[in-house]
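Right, one structure below, let's go through it.
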2 protein chains.
Amino acid sequence: MYQKKTPVQLDCGLQFFKELLNGKWKLMLVYYISKNLKRPSELQRKIPNADRRVMDKQLQELVLHGFLNKKAFDTKVPKVEYELTELGEKLLPLILTIEQWGEQNRFVLNEALEKDPKFINVI
Amino acid sequence: MYQKKTPVQLDCGLQFFKELLNGKWKLMLVYYISKNLKRPSELQRKIPNADRRVMDKQLQELVLHGFLNKKAFDTKVPKVEYELTELGEKLLPLILTIEQWGEQNRFVLNEALEKDPKFINVI
DNA sequence: ACAATTACGCATAAATTTATGCGTATCTTA
DNA sequence: TAAGATACGCATAAATTTATGCGTAATTGT
């Protein structure tokens with residue numbers, strides 16, 4: 001398994017967020033789970049661009065870090081559901097704030113991206 | 001210069017945040033600049049763990065993306081100051097929310113990190 | 001029977017971000 | 001006049017995160 005090599009700094013609250021929620025789909029996963037899309041397959045359909053294996057690893061980390069609970073039902077056809085923990089719930093205000101910020105400034109932010117040559121051909 | 005290869009998805013507001021503010025020190029930089037630490041050397045002293053060249057690139061990107069303005073004074077000893085743009089100001093509520101979340105949950109978040117074998121030896 | 005669905009995971013490659021070695025230049029202070 | 005501060009930047013290495021190839025298993029629908 002992969003091991004971090006660079007020391008982590010946690011003097012500032014912002015850094016916890018970075019260390020724990022940096023994953024490409026993590027905030028979106030928590031968001032959709034809070035909207036009652038609990039099963040991996042549902043999340044998969046909702047976020048088709050997220051590769052299953054990547055999404056999976058991020059869900060695992062969210063569980064490990066205590067933002068989600070995973071319930072595995074031992075039914076004939078395997079069934080899994082995720083739900084927010086208390087810590088996960090506390091994340092929602094952040095997610096909503098960020099989401100709203102993004103939507104409210106969509107136009108300007110899009111221009112910002114377009115100014116950046118790094119993004120040509122990928123937007 | 002580096003060019004992105006993987007297409008960017010922008011259906012959701014969260015993704016703008018990710019694309020534009022993912023840098024290791026970006027939020028912290030905006031935060032401290034809002035606190036009136038405007039000069040590179042001041043920021044450097046405030047965040048000694050951030051390498052100058054890394055911090056520099058992140059400042060450049062924040063300027064390019066329209067979160068900061070850079071004022072270069074043509075004095076004998078070179079002098080530079082950054083200030084928040086309107087777009088940068090709009091970031092502050094997010095940053096404060098995230099920062100507070102981190103501080104208020106510091107204990108639990110720290111435990112979360114310690115549960116993760118990936119972090120042993122680096123916290 | 002055969003395709004589709006549900007779920008999980010290892011190993012490795014590719015992409016992306018951070019870190020560092022090495023340099024430039026001007027001016028102030030001891 | 002040497003050390004220290006101010007600021008900037010290229011090239012390359014290292015670290016970290018994402019993406020993908022290849023597989024396993026059980027059950028349902030056609």
Side-chain angles (χ1 to χ4, degrees), chain A residues 1-9 15 18-29 37-64 70-82 113 116-119 121-122, chain B residues 1-9 15 18-29 37-64 70-82 113 116-119 121-122:
Chain A
M1 200 244 266
Y2 179 75
Q3 293 264 357
K4 275 198 181 288
K5 295 174 184 174
T6 303
V8 175
Q9 313 291 327
Q15 289 163 312
K18 193 102 192 33
E19 291 302 331
L20 291 164
L21 297 161
N22 195 22
K24 185 162 181 176
W25 310 104
K26 283 187 180 177
L27 294 184
M28 226 179 289
L29 288 169
L37 297 174
K38 309 182 169 189
R39 305 187 55 189
S41 50
E42 292 176 311
L43 292 164
Q44 189 68 82
R45 270 188 295 275
K46 190 69 181 183
I47 319 177
N49 293 109
D51 180 83
R52 182 197 41 91
R53 289 151 295 185
V54 172
M55 202 180 84
D56 224 53
K57 205 188 275 178
Q58 310 220 335
L59 285 166
Q60 280 174 32
E61 285 187 12
L62 287 168
V63 170
L64 172 62
K70 175 176 180 174
K71 294 189 294 181
F73 298 87
D74 195 17
T75 45
K76 300 88 173 281
V77 168
K79 180 177 167 180
V80 169
E81 283 185 9
Y82 291 97
L113 288 170
D116 191 337
K118 174 166 140 187
F119 286 95
N121 298 321
V122 290
Chain B
M1 199 244 265
Y2 179 75
Q3 292 265 353
K4 275 197 182 287
K5 294 173 183 173
T6 303
V8 176
Q9 313 292 325
Q15 289 163 312
K18 193 99 190 34
E19 292 301 331
L20 291 164
L21 297 162
N22 196 23
K24 186 163 181 176
W25 311 104
K26 283 187 180 177
L27 294 184
M28 226 179 287
L29 288 169
L37 296 175
K38 308 182 169 191
R39 305 188 55 188
S41 50
E42 293 176 311
L43 293 164
Q44 190 69 81
R45 272 189 292 275
K46 189 70 181 182
I47 319 177
N49 294 110
D51 180 84
R52 179 193 49 88
R53 289 150 295 186
V54 172
M55 201 181 84
D56 224 54
K57 207 190 274 180
Q58 309 219 338
L59 285 167
Q60 279 175 30
E61 284 187 11
L62 286 168
V63 170
L64 172 62
K70 175 177 181 174
K71 293 188 295 181
F73 298 87
D74 194 16
T75 45
K76 300 86 170 286
V77 168
K79 179 177 168 181
V80 169
E81 283 184 10
Y82 292 96
L113 288 170
D116 191 338
K118 174 166 139 187
F119 286 96
N121 299 320
V122 290

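First the proteins, then the strands, lettered A, B, ... as listed; each starts at 1. The structure displayed is predicted, hence computed values, not measured ones.
For the atom pair CG (A/L59) and CD (A/E61), the distance works out to 10.0 Å, reported to the nearest 0.5 Å. Here the CG-CZ distance, from B/L43 to B/R52, works out to 14.0 Å after rounding to the nearest 0.5 Å. Atom CE of A/M1 sits about 6.0 Å away from atom CG of B/D116, to the nearest 0.5 Å. Here CG of A/D51 is found 9.5 Å from CG of A/D56. Values are rounded to the nearest 0.5 Å.
Note on A/Q60: only backbone sugar-phosphate atoms sit closer than 4.0 angstrom, heavy atoms only; bases stay farther off. Residue B/E61 is classed as having no contact, given no heavy-atom separation below 4.0 Å to the nucleic acid. B/Q58 comes within 4.0 angstrom of the backbone, heavy atoms only, and of no base.
Contacts classified as salt bridge (charged side-chain N to carboxylate O under 4.0 Å, His left out) and involving residues 40-49 of chain B (residues at least two apart or in different chains) are not found.
When each of B/K57 and B/E81 is assigned the nucleotide of DNA chain D with its nearest heavy atom, B/E81 is the one assigned upstream, toward the 5' end. Both A/K70 and A/T6 lie near DNA chain C, and the one whose nearest nucleotide falls closer to the 5' end is A/K70.
Residues B/N49 and A/Q9 share a closest heavy-atom pair of OD1-OE1, 3.2 Å. The two residues B/Q58 and B/W25 have their closest heavy-atom pair at OE1-N, 2.9 Å. Between B/P117 and A/L64, the shortest heavy-atom distance links the atoms CD-CD2, 4.4 Å. A/Q44 approaches A/M55 most closely through the heavy-atom pair N-CE, 3.9 Å.
Proximity of a side-chain donor or acceptor of B/K118 to a complementary backbone N or O of B/L113 within less than 3.5 Å is not detected. A distance-only check finds a donor-acceptor pair linking the side chain of B/K18 to the backbone of A/N22 [under 3.5 Å]. For the pair A/K26 (side chain) and A/L20 (backbone), a donor-acceptor distance under 3.5 Å is present.
Contacts between residues 48-55 of chain A and DNA chain C, defined by a heavy-atom separation below 4.0 Å, involve A/R52, A/R53, listed by number. Of the residues in residues 20-27 of chain B, none has a non-hydrogen atom less than 4.0 angstrom from any atom of DNA chain D.
Atoms CD (B/Q44) and C1' (D/dA7) sit 11 Å apart, rounded to a whole Å.
Along DNA chain C, the stretch of nucleotides lying under 4.0 Å from any heavy atom of chain B spans, 5' to 3', C/dA15 to C/dT28.
Under the salt bridge (charged side-chain N to carboxylate O under 4.0 Å, His left out) criterion, A/K70 pairs with no residue, sequence neighbours left out.
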Polar-atom pairs under 3.5 Å, protein N or O versus N or O of nucleotides 3-6 of chain D: list them with distances, or write none.
residue : atom : partner : partner atom : Å
D/dT6   : O3'  : B/R39   : NH2          : 3.1
D/dT6   : O3'  : B/P78   : O            : 3.4

